[in-house]
Structure formats: structure tokens, C-alpha cells
Protein chains: 2
Amino acid sequence: MPATIRDVAHASGVHISTVSRTFSAPHLVNAETRSRVLAQAESLGYRPNRAARALITGRTHNLGLIVADIANPFFPPMIKAAEGQARLRDHHIFVADTNEDALVEEDLVRAMAKQVDGVLLCSPRMNNSLIEQLSREVPLVVVNRLVAGLPCVVMDVAQGARDAIAHLVGLGHRELALLGGPRGSWTSREIRKTATATARTADVALTVISPNPPTEDGGLAAAEQVVRAGASAVLAYNDLMAIGLIEGLDALGVAVPTGISVVGIDDIALSRRTRPKLTTVANPTSAAGRAAVDMLLQHGDDRRTTAQVMLRTELMIRDSTGPGPFAAQG
Amino acid sequence: MPATIRDVAHASGVHISTVSRTFSAPHLVNAETRSRVLAQAESLGYRPNRAARALITGRTHNLGLIVADIANPFFPPMIKAAEGQARLRDHHIFVADTNEDALVEEDLVRAMAKQVDGVLLCSPRMNNSLIEQLSREVPLVVVNRLVAGLPCVVMDVAQGARDAIAHLVGLGHRELALLGGPRGSWTSREIRKTATATARTADVALTVISPNPPTEDGGLAAAEQVVRAGASAVLAYNDLMAIGLIEGLDALGVAVPTGISVVGIDDIALSRRTRPKLTTVANPTSAAGRAAVDMLLQHGDDRRTTAQVMLRTELMIRDSTGPGPFAAQG
DNA sequence: CTCATTAATGCAAACGATTGCTGCGCTGTC
DNA sequence: GACAGCGCAGCAATCGTTTGCATTAATGAG
């Protein structure tokens, strides 16, 4: 039913190859012919069939985007940015959600492999060797994890963790807790490493509570452990957990920030709307989405760009952090 | 590089058509041959090329999903549910975001038309005649709008609006305001119609403030008009606007719910985390996503199913609504 | 006037699969 | 013993494009 290249060719009295060239190599066809073909194509509503084109060119003009959980507000801005950037470059995006499951993740990459020119792997839960193996089956750009030899886009989580801890220590906290994220998360490991080192340097105690589901419920469930650990300030793997934690602490009769200070990570929209407003480390998710698409597309132009991009984070100080037990008297 | 059907055929010493049938019509091939082919396919890592298959069968096993704004927390749960349901039925989903723009929307449908078996049009901003026209180019299921003759999935917004207004009137409010949504939104029009009728029946005043961007900023910006209208209770087009409105009222020195009561619509996750917690009309977005996928897929089996599904909503009474000026004395 | 050069187009072989038809060998029936 | 019927596999056309090569006509140089 829809018009094919043959219909257009017939309607404009030329061979299909001329029609094809009208679109893919206009300089090879006579201006007059070209405009005739264009007119017919327009009036027939012709649109090249991408599947057919992909078959021969090997490029589908589709990208895959895999996230751990699309309902986690961290991701939508990134997806949106990626999708916009892709559209700018005449590509479409398949979005898939792994439910935080490494096996589903692997399946999805494989399932997508043949119908996309590359995959954006966001916050993968697989291990590195599997990622490397998959990267041999389909071009990959990894977001939120550093994998040697692969193009990656990451946030400078180490700096973020340092800033957050410095902020807390500066406020007079000397018993800190870290709420880790899910198993398999590179970001969670990095935060932990940096936090541990920073705490040691600053000579403050750090209790690590990990792993946890990266959700409000995960934070809520950890409230009791936080209290038991005797910490006066907590750094959470993400804002969702921080918000859940605040709620959990509230239920235990501990107020934030007067009783315990809480710092989140991500700066999701929600973190500005809660009471208290959340102190958090802002991550440039939109920029990450755009950068990842760009890398994938230029990677496709067979330059072996394995560049690793690290984006700056920023500590947003709001109302969930306050003076600790060792605060300097004002 | 990746194995094709030909490689498998060669490796197992049969014709490619036998390999093809091994997958698409197993009963037509001898059990022994089949297992040999399967073994070779497995060891070569063969996966049928969907583009090639689509070319001849006309079915891509891909679906399009178009939303107004993926960063609006209303959508991700729906996308997630749709994606899961699609995967269950061996389909993948292209997600696209229109930025609330009807023109972009039209473009996207057309761009997707050839590479998908159908499109889920969620909360469209186009007008009905354009939607009908597009539905002739590609199977469509419309979500959050009723279009005659087309398969649709909608929430029972009328009931939701009635419940919300009944709740407010019951609390003793007699001066209501309605914060409408964006231009082109069917839901917004329905809410307005129902709210107007319900208010008239209940003999209470209703000031309509519309259209507004369906975002926190949209709600925030409308705060002043709400106050000027002298309303003691407000029904907002969605939770985001309700939350923005509460913030705006707060800035004007009006407390919620003591000064003004606010009801949202959607019951996004966020609405349980704000202070005050938001009274809102819950929409079954996940169910809508699944239902829409099912309709699209069975619609594809050429039964002219133009069924219209209406899903029940539920008023969640929380803390943003309280007694109005005409409340019965307790 | 001839011949090389160039611009514009046509021709046909791919790309990787599906599918109606044909062909083959075997079984079982009359 | 001939033949219908069946199970299984091969053959080849086809889907809608792209693209290297061949062909044609027109142009310019010598």
C-alpha cells in the first residue's frame, strides 16, 4: 500500500536507481530530473523503507538505549536528551529497561544487536568482561561506568563524593554512614572507594551499608541500620534512597537535618520539592545522554574512538544537611 | 561478520529454506534435521535478521511509543509497562518524546510508520482529524484520548473529576478553581467539561484557569490567579502542576491545606513524598500501557478491534485537602 | 572528423530472509 | 505392481533498496 521506490520511478519515468540517487547522492542526478523525482515522491508520500536500506548498507539508523529502571527519575532526562540528539542526527532510539537485572541486560543487548547501529548501555549491572564481549558483537558506549578500552561517559562521582564528605565534615560531623547502591553498580563502588579514602584522610569514621536497592524503599529500609551505626550524617547512593531514608528516619523519630544530616546524589527534580529540600550532588544527565549519542555515532564512522568522557558534578547545598555534634560554635 | 541463515545452512548441510523453517515452521522439518540445524545455529550464534524478515513478512516486530514528555513522571511507569508487555510478545519499542509539540508528534508518527507494526500515541496533542488520517498510514492505539473509530485506552477522568469535586464540596468548599492543562489535551477538556457540570449541579462556583503548561512551573505561575479568583480549593490538571501550585501559594503566604486545598491528578510517586502529601486522583498508568500494547498487537491480527478501554481511577485522599469555609462544624 | 572525456542514466547483482511450488523416496492400498 | 498420499527438503521468486559497472549522448580537443 505505501509507495515504494518503484512507484516513484514509474511515476517520474526514470529507473529506480535514479530515484535512489536522488536521495542518497543528489549530485549524481540532473537537476531537472531530480526535481521531477522529488515532486513525484512528495505527491506519493514516498518514504524510503529503512529496513530495506539497512539490509544493504548495514546501517539501520537506530540506536539502542538500555537503562536499569526507566521509572527511576534519574534516567528520563538522559533518555530525553539522547533521543533528541539522535533525532537531530536522523536516528531513532529503542528504549529498554532491565529491571536492575544483569541477565535481562545481556539478553536485551543481544536482542537489539542486529537492529541497531549501536547501544548506549546506561548504568550497566553486568560485569566488565561480559560488556567487553558484547562490545565485540555491537558498538557500545557505556554510561556511568568506566570500562578500559571502551568509549565511556561518566560523571565525576569521586569528586562528588569528596565534595559531599568535605561538606559534612565541615559541618562538624565525625561519624558518617554511606548508603551503597545495588550490586554491580560501578558508581556505587567508586563512591565507596572515594568515600572510604576521604573519610580516612579526614580522620572521621565511616560505616558502609551496602548493597541496597536504589529506591525509596531501599533508603527507607536502611534507616534503622543508620541509626544503629550512630552516624550523624549520611551520604546516599542516590536521591531516591536519600528521600526514602529521610522518611524512614522520620518514622523512627529522628529529624533531618537536626538529628541526622543526609546528602543525596543525582539532583533529580524531586529533590527540590521535598521537605527538607535535599542537599545533593548534581549530575549532568542530559549532557551525558547527548555526549553518549555523539560518541556512538562518531564511533560508527569507524574511528576507533575509545575516548572516555568525564562530566563535572556539583554539590547543591539545600536543607537536609546541618551542623553536626562537632560543629564550631558560632 | 555475524552469522546469517546461509552460514547455518552450510554448516548443517541443508538448504537455507530448511533453516528458515526450523525456526518459523518447525513442524515442517524432520526432528533430526531440526536438532542438527538448531545445534549449528546455536554454536554460530545465529540470530535471524529482523530487517530482512520484515522486508518479506511486512511485520517488523517493533512498536512505536510517543509521549508528550518523557520527563513528566506520569509517563515512565506507562512506558515501562508497555515495554515489558511488548517484550513478552517478542516486540521492541521505539520511544519518542514530542516536547508537547503537535507538529513534532506528526513528524514522529510518519517517521516511525515504516519501521513499526503500530504506534502507541500517548496523550496526543494533535487534533482528531490528523490522528484519523495518520491511522490510515499506520495502526494506531490512542492513549488518554477518545477518538471515534479508533482503538483507545483512557482513564475515567470524568469520574475522577467528579470524585475530586465531590470530595472538595464535601469538605465545605464553595469557591473552586480548575487549573487546566495544555492546549490540545483531550484529558484537559474532559476534566473541564465534567468539572463545570459537576460544579453547576452542586451549586458551587468554578473558576477555570486554562491553558497551562503541565509542569511544576505551570502550576507555580498560576498561583497568583488562583488567589485572585478567591477560590478556597483547586483541582489541578496533574500532580506536577498541583505541586508547583502549592509552592507558588506558599510563596504568596497561603498555606495548604489550611488556606487553600489542592487536588492533583495522576498519583505520581512524587505525590506521596511532598509535604503536605498530595490528595490526588490515581491513574492506572501501568495497566494502560499493557492494555494499549495488547490492543495494538491484536489489532494487527487484522481483527478490526476498535474497542475503547476505560480504566477506573481512584481518589487518594492525603494531606493537601482540608475543611473549607463552609465546613460543617464538628 | 575523430576520439577521449564527462555527465546522466540504466542494468543487475546483491543484502538476508520467507514461502509457494516442485521433486523425491517411501508407505500402504487396492 | 501401479499409484495415491505423505513427509521432507530443495528451488527460486520476492520484499525495497543500494551501488559498481555498462551504456548513451553530448562536449571539447586536436
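Remember, it's a predicted structure, so these values are computed and weren't measured experimentally. First the proteins, then the strands, lettered A, B, ... as listed; each starts at 1.
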Atom CZ of residue position R89(B) - does it have more than 12 heavy atoms of other residues, nucleotides or ligands inside 6.0 Å?
yes

Would you jot down, in residue-number order, the residues of residues 24-41 of chain B having a non-hydrogen atom under 4.0 Å from DNA chain D?
V29(B), N30(B), T33(B)

Describe, in one word, how the ring planes of H91(A) and H61(A) are oriented to each other, choosing from parallel (under 30°), tilted (30 to 60°) and perpendicular (over 60°).
parallel

State whether E32(A) and R36(A) are salt-bridged, where the test is any N-O pair (Lys NZ or Arg NE/NH1/NH2 against Asp/Glu carboxylate O) under 4.0 Å.
no

Figure out the CZ/C1' separation between R59(B) and dC15(D), and round it to whole Å.
16 Å

Members of residues 8-20 of chain B that approach DNA chain D, where some heavy atom sits under 4.0 Å away:
V14(B), H15(B), S17(B), T18(B)

Short N-O contact, R136(B) and E132(B), less than 4.0 angstrom:
no

What's the CZ-C1' distance between R6(B) and dC15(C), to the nearest Å?
9 Å

Applying side chain to side chain donor-acceptor pair (under 3.5 Å), run through T285(B) and N283(B) and close with a yes or a no.
CA-CA 6 Å; T285(B) 49; N283(B) 278 333; over 6 Å; no

Looking at every heavy atom in both A287(B) and L311(B), which two are closest together, and how far apart are they?
C-CD1, 4.1 Å

Going by an N to O cut-off under 4.0 Å, is there a salt bridge joining D90(B) and R50(B)?
yes

Rounded to whole angstrom units, what separation is found between the CD1 atom of I56(A) and the C1' atom of dA12(C)?
11 Å

Whole-Å distance separating the CZ atom of R21(B) from the P atom of dC21(C):
13 Å

Separation of atom CZ in F23(B) from atom C1' in dG16(C), rounded to whole Å:
14 Å

Can you tell me the distance, in whole Å, between the OH atom of Y46(B) and the C1' atom of dA17(C)?
7 Å

In whole Å, I'd like the distance from the CG atom of L44(B) to the P atom of dG16(C).
14 Å

Below 30° counts as parallel, above 60° as perpendicular, anything between as tilted: where do the rings of Y46(B) and F23(B) land?
tilted

In this structure, how many angstroms lie between the P atom of dG16(C) and the CG atom of N49(B), rounded?
7 Å

With no hydrogens and no angle check, is any side-chain donor or acceptor of S188(B) less than 3.5 Å from a backbone partner on G181(B)?
yes

